[in-house]
2 protein chains.
Amino acid sequence: MKELSTEEKIVQAAKEVFTQKGYAAARTDEIAVRAGVNKGLLQYYFKGKSKEKLFKAIFEEAFLKMVTRINVIFESEDTVEHKIELALDAYFDLLLENPNLPGFIVNELHTNTHAFVEEIMQKTNRPNPMPLLMQIMEEAAQGKIRPINPVHLILNVLSMTVFPFIARPLFQRMINVNDETFMDMMRQRKAEILDFVKHAIKP
Amino acid sequence: MKELSTEEKIVQAAKEVFTQKGYAAARTDEIAVRAGVNKGLLQYYFKGKSKEKLFKAIFEEAFLKMVTRINVIFESEDTVEHKIELALDAYFDLLLENPNLPGFIVNELHTNTHAFVEEIMQKTNRPNPMPLLMQIMEEAAQGKIRPINPVHLILNVLSMTVFPFIARPLFQRMINVNDETFMDMMRQRKAEILDFVKHAIKP
DNA sequence: GTCTATAGGTAGATAGAC
DNA sequence: GTCTATCTACCTATAGAC
């Protein structure tokens, strides 16, 4: 356990509270309590609109984490199948370590009341999916993979990877498993998806 | 356009506000304004904790809509492949008419601060997935479909169906399409998923 | 840098006039 | 049934003591 500075403790606590409750339900009081510091210190470290400033910092970091991973899919030089494998590797690493990251992001984008969510999205250089779409169509034309709508293929892979983490509260209740078992299933899942997709795109 | 009673107007407005903003960010003021009625009437029709009571009614209806559809997958007498087709039919019908239903539910379950979310989930008789899981394994043993982990198969179908609607704000920006185009893509998608899954489970 | 006290604003609930 | 006015609670922000 490292020694955290007061500021770091606040940021850490804010990350917990915001990702669990969302911006609207988050309380700065709770952030202070969890950080083990006084309310007033939030103002000292994040002068003026401290709640908003803290949120911006945390949402931006989370958003970048999720989106920059997508670049892995798009930018490597490789076959479609191997690109998918690389993407699954990268994403499962991220998600297994931060299981409620996608829920947080999707939630804030869904309930987006705040202009700054828009700001952050524009700041991030979003990846360009076109080259990958072209590649998928080319490989299909060459008979390397089955002809398939490239947008839906990408969306399928992303869906199968991310959705279980978002629907986790519902899913766990449905099949009645605890947190540990859920994480075990997710660790297994990377291989399952790869296998599933390989068969689905086989010519 | 039917004539709605005052109470119906309130419920309708509440449905809009809650599903768009989520419970925490929703404002009873806005519900009253959208319903075109006075704030005080919320108390008249939903005495005591009107915000909470309204939310309960709306969340429960939404939750039932989503979950009872899952029963379609589980309870019919049919082949696995045809069950999947039926499920896709049922779900896409629902989602194309209520595109932000899953976002709303997942959001409230994720940020769940309220005990009543728990209540509602227990009230609904959740479907039992066991028979379907068994059937998938049987068909695999008989060589009708490829051997596959049944839980992940179900999760794959559900993921590909529901995820795009949840990630819609992000997805639309990523590929830069308007609402109309998005809905068109989703209408196409049902056939895409069915095709994808058929190839993936082919022996 | 840290804490206490309090101000200022907002949202939900309530009482009572019409 | 509908509306106005007000109350109360809560939350963020601020000022100032230590």
Side-chain angles (χ1 to χ4, degrees), chain A residues 2-60 104 107-108 111-117 119, chain B residues 2-60 104 107-108 111-117 119:
Chain A
K2 268 201 300 198
E3 268 306 299
L4 294 176
S5 71
T6 299
E7 185 172 357
E8 287 167 335
K9 279 191 282 188
I10 292 171
V11 170
Q12 185 53 39
K15 198 178 295 182
E16 289 171 23
V17 176
F18 281 131
T19 52
Q20 283 168 22
K21 311 222 166 149
Y23 181 81
R27 299 293 167 243
T28 52
D29 262 39
E30 188 181 349
I31 293 173
V33 170
R34 283 215 206 186
V37 304
N38 189 277
K39 286 170 58 169
L41 290 181
L42 303 207
Q43 299 297 326
Y44 177 77
Y45 287 104
F46 301 87
K47 286 248 187 303
K49 307 266 179 196
S50 61
K51 186 182 180 182
E52 212 173 288
K53 277 192 183 159
L54 268 169
F55 179 80
K56 269 189 190 175
I58 283 149
F59 181 82
E60 183 165 1
F104 171 57
N107 171 8
E108 297 300 340
T111 63
N112 167 23
T113 315
H114 301 279
F116 52 78
V117 172
E119 275 175 47
Chain B
K2 267 202 300 200
E3 269 306 301
L4 293 177
S5 72
T6 300
E7 184 171 358
E8 286 167 335
K9 279 192 282 188
I10 292 171
V11 171
Q12 185 53 39
K15 199 178 295 183
E16 288 171 25
V17 176
F18 280 131
T19 53
Q20 281 168 24
K21 312 224 165 146
Y23 181 82
R27 297 291 166 245
T28 53
D29 263 38
E30 189 180 348
I31 293 173
V33 169
R34 284 214 206 186
V37 304
N38 189 277
K39 286 172 56 168
L41 290 181
L42 303 207
Q43 298 299 324
Y44 178 76
Y45 287 104
F46 301 87
K47 288 249 186 302
K49 306 265 176 195
S50 60
K51 185 181 180 182
E52 212 173 286
K53 278 194 182 155
L54 268 169
F55 179 79
K56 269 190 191 174
I58 283 148
F59 182 81
E60 182 164 2
F104 170 58
N107 171 8
E108 298 300 341
T111 63
N112 166 22
T113 315
H114 300 279
F116 52 78
V117 171
E119 276 176 46

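A quick note: this is a predicted structure, and the numbers were derived from the prediction, not measured. A note on names: the letters A, B, ... follow the listed sequences, proteins ahead of strands, and every chain is numbered from 1.
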So, using side chain to side chain donor-acceptor pair (under 3.5 Å) as the criterion, who are the partners of [X] when residues are at least two apart?
X        : result
Ser50(A) : Gln43(A)
Lys21(B) : Glu30(B)
Glu7(A)  : none

If we only count heavy atoms from C-beta on, is the Val11(B) to Phe46(B) side-chain gap below 4.5 Å? yes
Do Thr28(A) and Lys39(A) have side-chain heavy atoms sitting under 4.5 Å apart? no
Taking heavy atoms of chain A and a 4.0 Å limit, find me the 5'-most and 3'-most nucleotide of DNA chain D within that range. dC11(D) to dT14(D)
Minimum-distance pair of heavy atoms, taken over all atoms of [X] and [Y]:
X        : Y        : result
Asn38(A) : Ala32(A) : C-CB, 4.1 Å
Arg34(A) : Val17(A) : NE-CG2, 3.8 Å
Leu4(B)  : Glu8(B)  : CA-OE1, 3.5 Å

Quick one: pull up CG in Leu41(A) and CD1 in Ile31(A) and give me the separation to the nearest 0.5 Å. 13.0 Å
About how many Å separate CD1 of Ile58(A) and OH of Tyr23(A), when rounded to the nearest 0.5 Å? 11.5 Å
Which atoms of nucleotides 4-9 of chain C (N or O only) lie under 3.5 Å from a protein N or O atom, and what are those distances?
residue: dT4(C); atom: OP2; partner: Asn38(A); partner atom: ND2; Å: 3.3

Tell me which residues in residues 12-36 of chain A lie within less than 4.0 Å of DNA chain C, going by non-hydrogen atoms. none
Give one of base, sugar-phosphate or nothing for Tyr45(A), where a contact means two heavy atoms less than 4.0 Å apart. sugar-phosphate
With the threshold set at under 4.0 Å for non-hydrogen atoms, list the residues of residues 47-57 of chain A touching DNA chain D in residue-number order. Gly48(A), Lys49(A), Ser50(A), Lys51(A)
Sequence neighbours excluded, the answer for side-chain contact (heavy atoms from CB on, under 4.5 Å) partners of Ala35(B) is Lys9(B), Ile10(B), Ala13(B), Val37(B)
Tell me the salt bridge (Lys or Arg N to Asp or Glu O under 4.0 Å) pairs involving residues 44-54 of chain A, sequence neighbours left out? none
